[in-house]
Amino acid sequence: MAVTVQSTKGYMQRGGVKMMIYGKRGVGKTPIIAELPKVLIIASEDGLASVRNKNVDFIEMKTMAQIKEVMAWLRSPSNIAKYDTIAHDGISYLTHAVFSEIARKATHNNKVQYYGELASQIMPFVELLTNEIQKNVIMTAWQGDLYHPVTEKIIGHEPYTAGKAIANYLMHFFDLTAHMQRHAQNIQQADGTVVQQQIPYLQTVEANGIFARSRKEGCLDAFEPADLLTIINKLKQP
């Protein structure tokens with residue numbers, strides 16, 4: 001096998017942007033994904049009702065057998081040629097569903113072995129999306145709470161999966177891990193009246209106990225409007 005020396009310049013443009021978006025259930029992660037052009041959603045949780053008025057391609061994936069089938073399908077370039085972005089919605093639900101399936105079938109001696117088998121089922125799929133698929137990739141996760149070791153009060157948030165080790169491992173695979181929230185904003189209407197709207201945004205820098213991280217520092221604001229296409233284009237800049 002010949003060794004080829006390459007340049008890192010434009011690497012992210014060639015390989016696509018890899019993003020994890022996490023937040024509370026119902027905050028609106030699926031709708032902002034559905035706004036992307038040429039997107040395929042791999043649906044592991046029941047969030048598609050929120051985009052029922054849009055025409056977005058999706059594949060359902062909730063079992064170990066379906067993970068293998070979807071992985072084989074994704075590896076065929078012709079199957080994904082028409083898509084710019086592959087989105088998995090979402091990893092938190094999938095880890096719970098697979099853990100339950102393992103618990104029904106396996107007879108391990110201790111719980112650690114169950115979580116080990118869970119990782120062996122989940123991580124090849126994550127690695128396929130983040131390392132092999134030369135597309136933009138978005139993965140969603142639920143918000144997990146961080147607790148103070150003494151007071152047990154919530155002191156922050158991070159992505160959540162069944163098996164904390166998986167969530168900790170996952171965060172190293174993405175160019176951007178961002179926390180999605182909503183804030184109230186007063187909007188003046190044409191008739192002069194003011195209505196309050198909940199505006200979604202993404203926190204891209206770790207602060208106030210909320211985990212967020214970008215491998216490409218300085219190209220994003222600490223708080224970005226939840227427009228994924230704009231964020232992808234910013235991250236693709238040289």
Of all the heavy-atom pairs spanning [X] and [Y], show the shortest one and how long it is.
X: D145; Y: Q143; result: OD1-NE2, 3.7 Å
X: K54; Y: A34; result: CD-CB, 3.8 Å
X: N79; Y: W73; result: ND2-O, 2.9 Å
X: I133; Y: K18; result: O-NZ, 2.6 Å
X: A162; Y: L118; result: O-CD2, 3.3 Å
X: G209; Y: L146; result: O-CD1, 4.0 Å

Can you tell me if [atom1] on [X] sees more than 12 non-hydrogen neighbours from other groups inside 6.0 Å?
X: E152; atom1: CD; answer: no
X: Y114; atom1: OH; answer: yes
X: N208; atom1: CG; answer: no
X: D191; atom1: CG; answer: yes
X: E217; atom1: CD; answer: no
X: F173; atom1: CZ; answer: yes

Answer yes if [X] and [Y] sit in the same cluster of Ile, Leu, Val, Met, Phe, Trp and Tyr residues linked by side chain heavy atoms under 4.5 Å apart, and no otherwise.
X: V39; Y: L202; answer: yes
X: L128; Y: M61; answer: yes
X: V27; Y: I210; answer: no
X: I199; Y: I21; answer: no
X: L229; Y: L176; answer: yes

Between [X] (side chain only) and [Y] (backbone N and O only), is there a donor and an acceptor less than 3.5 Å apart?
X: R215; Y: H172; result: yes
X: E101; Y: M64; result: yes
X: T204; Y: D221; result: yes
X: R213; Y: M171; result: yes
X: T161; Y: A167; result: yes
X: D84; Y: K38; result: no
X: T193; Y: Q189; result: no
X: K135; Y: Y83; result: yes

side-chain contact (heavy atoms from CB on, under 4.5 Å) with I41: which of L36, I59, I86, D89?
D89

Any non-hydrogen side-chain atom of [X] less than 4.5 Å from a side-chain atom of [Y]?
X: Q113; Y: E117; result: no
X: E132; Y: L74; result: no
X: T140; Y: M20; result: no
X: Q197; Y: Q185; result: no
X: D227; Y: K234; result: no
X: E158; Y: K164; result: yes
X: L235; Y: I232; result: no
X: I91; Y: S44; result: no

Could you tell me the separation between the [atom1] atom of [X] and the [atom2] atom of [Y], rounded to the nearest 0.5 Å?
X: E206; Y: S214; atom1: CD; atom2: OG; answer: 13.0 Å
X: E35; Y: T230; atom1: CD; atom2: OG1; answer: 11.5 Å
X: L170; Y: E127; atom1: CG; atom2: CD; answer: 9.5 Å
X: D175; Y: K236; atom1: CG; atom2: NZ; answer: 11.0 Å
X: M180; Y: Q203; atom1: CE; atom2: CD; answer: 13.5 Å
X: K29; Y: L228; atom1: NZ; atom2: CG; answer: 12.0 Å

Mind telling me whether Y160 and W142 have parallel, tilted or perpendicular rings, with 30° and 60° as the class edges?
parallel

Tell me, with the steps shown, if I42 and F125 meet side chain to side chain contact (heavy atoms under 4.5 Å, CB included).
CA-CA 11 Å; I42 302 169; F125 170 68; 4.2 Å; yes

Is R25 paired with E45 through a side-chain N to carboxylate O contact shorter than 4.0 Å?
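A salt bridge is absent here (no side-chain N lies under 4.0 Å from a carboxylate O).
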
Exercise: do H183 and Q181 side chains pair donor with acceptor under 3.5 Å
no

Other than I154, what residues sit in its cluster of Ile, Leu, Val, Met, Phe, Trp and Tyr side chains whose heavy atoms are under 4.5 Å apart, directly or through others?
Y147

Candidate list Y201, Y22, F223, test ring pair (Phe, Tyr, Trp, His ring centres under 6.0 Å), partner H179, passing option:
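Between H179 and the candidates, ring pair (Phe, Tyr, Trp, His ring centres under 6.0 Å) is satisfied uniquely by Y22.
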
